[in-house]
Asks: 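First, the structure itself, so that you have it in front of you.
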Amino acid sequence: MADVFKALADETRRIILDELVIADDQTLFEICARLANKHHLGLSRQAISQHLDVLESAGLVNSRKEGRYKFHRIDLAPLTAALERWTAPTTPPPR
C-alpha cells in the first residue's frame, strides 16, 4: 500500500490519473498531448513514461499493447482497498 501513496504523492501523477478518469485507454502520445495542452506541463515523453511506470508499479494503472501502441487505463482497486481498510466496521475487543 505504501507504493500507492508514494505514487499519489506526486502532482504530475495525480494529473495523469485525472486525465485517465476523463478518458481511459490513452496512449503515451495522447497523455503527453493532454498534459501539455490542458495543464501546460512541458514534460518529455520519457518523463511521462517514467511517471506511468510508477503508477503501473503501484497498481493504479494497467496497460495493454495493441500492435505498436500501448494503452493505459486507470485501476481504482488499490484505492478501494485502502479506503476499505480504514472504513471497514471493526468489532470491539473482547472483555
Side-chain angles (χ1 to χ4, degrees):
M1 190 173 309
D3 290 347
V4 171
F5 292 108
K6 182 179 176 183
L8 293 172
D10 185 88
E11 182 179 7
T12 300
R13 290 192 281 269
R14 291 191 308 268
I15 292 170
I16 291 170
L17 291 175
D18 289 342
E19 290 303 319
L20 289 173
V21 166
I22 294 168
D24 235 351
D25 279 334
Q26 293 186 60
T27 64
L28 176 60
F29 177 79
E30 292 169 321
I31 294 168
C32 290
R34 291 177 79 96
L35 294 182
N37 295 329
K38 189 173 175 183
H39 300 281
H40 309 290
L41 294 177
L43 298 171
S44 68
R45 287 179 49 178
Q46 183 179 7
I48 294 172
S49 180
Q50 289 173 348
H51 283 298
L52 285 166
D53 287 345
V54 172
L55 290 167
E56 197 164 357
S57 293
L60 294 166
V61 169
N62 295 321
S63 63
R64 64 180 168 75
K65 281 193 166 188
E66 276 187 31
R68 299 181 338 166
Y69 299 101
K70 186 175 180 182
F71 295 90
H72 301 87
R73 172 176 282 262
I74 191 168
D75 185 351
L76 297 176
L79 293 174
T80 302
L83 182 64
E84 288 175 355
R85 176 180 174 178
W86 290 304
T87 60
T90 59
T91 55
R95 292 185 179 200

Asks: Tell me the side-chain hydrogen bond (donor to acceptor under 3.5 Å, both in side chains) pairs involving residues 75-89, sequence neighbours left out?
Replies: Asn62-Asp75

Asks: Would you name the heavy atoms of Pro78 and Ala58 that are closest together and state the gap between them?
Replies: CG-O, 3.9 Å

Asks: Quick one: do Ile15 and Ile22 end up in the same hydrophobic cluster if we chain Ile, Leu, Val, Met, Phe, Trp and Tyr together by side-chain heavy atoms under 4.5 Å apart?
Replies: no

Asks: How would you list, by chain and number, every residue that makes a side-chain hydrogen bond (donor to acceptor under 3.5 Å, both in side chains) with Ser63, sequence neighbours excluded?
Replies: Glu56

Asks: Is it the case that one hydrophobic cluster holds both Phe29 and Leu52, taking links as side-chain heavy atoms less than 4.5 Å apart, direct or via other members?
Replies: no

Asks: CG of Leu28 to CZ of Arg45: how many Å apart, nearest 0.5 Å?
Replies: 5.0 Å

Asks: Using a 4.5 Å cut-off on heavy atoms from C-beta on, say whether the side chain of Val61 contacts that of Ile16.
Replies: no

Asks: Among Ile, Leu, Val, Met, Phe, Trp and Tyr joined by side-chain contacts under 4.5 Å, find the other residues sharing a cluster with Val54 and list them by chain and number.
Replies: none

Asks: If you round to the nearest 0.5 Å, how far is CG of Leu83 from CG of Leu76?
Replies: 11.0 Å

Asks: Can you list the residues that meet the salt bridge (Lys or Arg N to Asp or Glu O under 4.0 Å) rule with Arg14, with sequence neighbours excluded?
Replies: none

Asks: What's the spacing between Leu20 CG and Leu55 CG if we round to 0.5 Å?
Replies: 8.0 Å

Asks: Please go through Tyr69's hydrophobic cluster and name the other residues, only I, L, V, M, F, W, Y counting, with side-chain heavy atoms under 4.5 Å joining them.
Replies: Phe71

Asks: Scan for side-chain hydrogen bond (donor to acceptor under 3.5 Å, both in side chains) pairs involving residues 22-34, sequence neighbours excluded, and state none if there are none.
Replies: Glu19-Arg34, Asp24-Arg73, Asp25-Arg64, Asp25-Arg73, Thr27-Glu30

Asks: Is there side-chain contact between Leu60 and Leu8, with at least one heavy-atom pair below 4.5 Å?
Replies: yes

Asks: With Ala33, which residues qualify under side chain to side chain contact (heavy atoms under 4.5 Å, CB included), at least two apart?
Replies: Asn37

Asks: List in chain and number order the residues that pass side-chain hydrogen bond (donor to acceptor under 3.5 Å, both in side chains) with His51, two or more places apart in sequence or in another chain; answer none if no residue qualifies.
Replies: Arg13

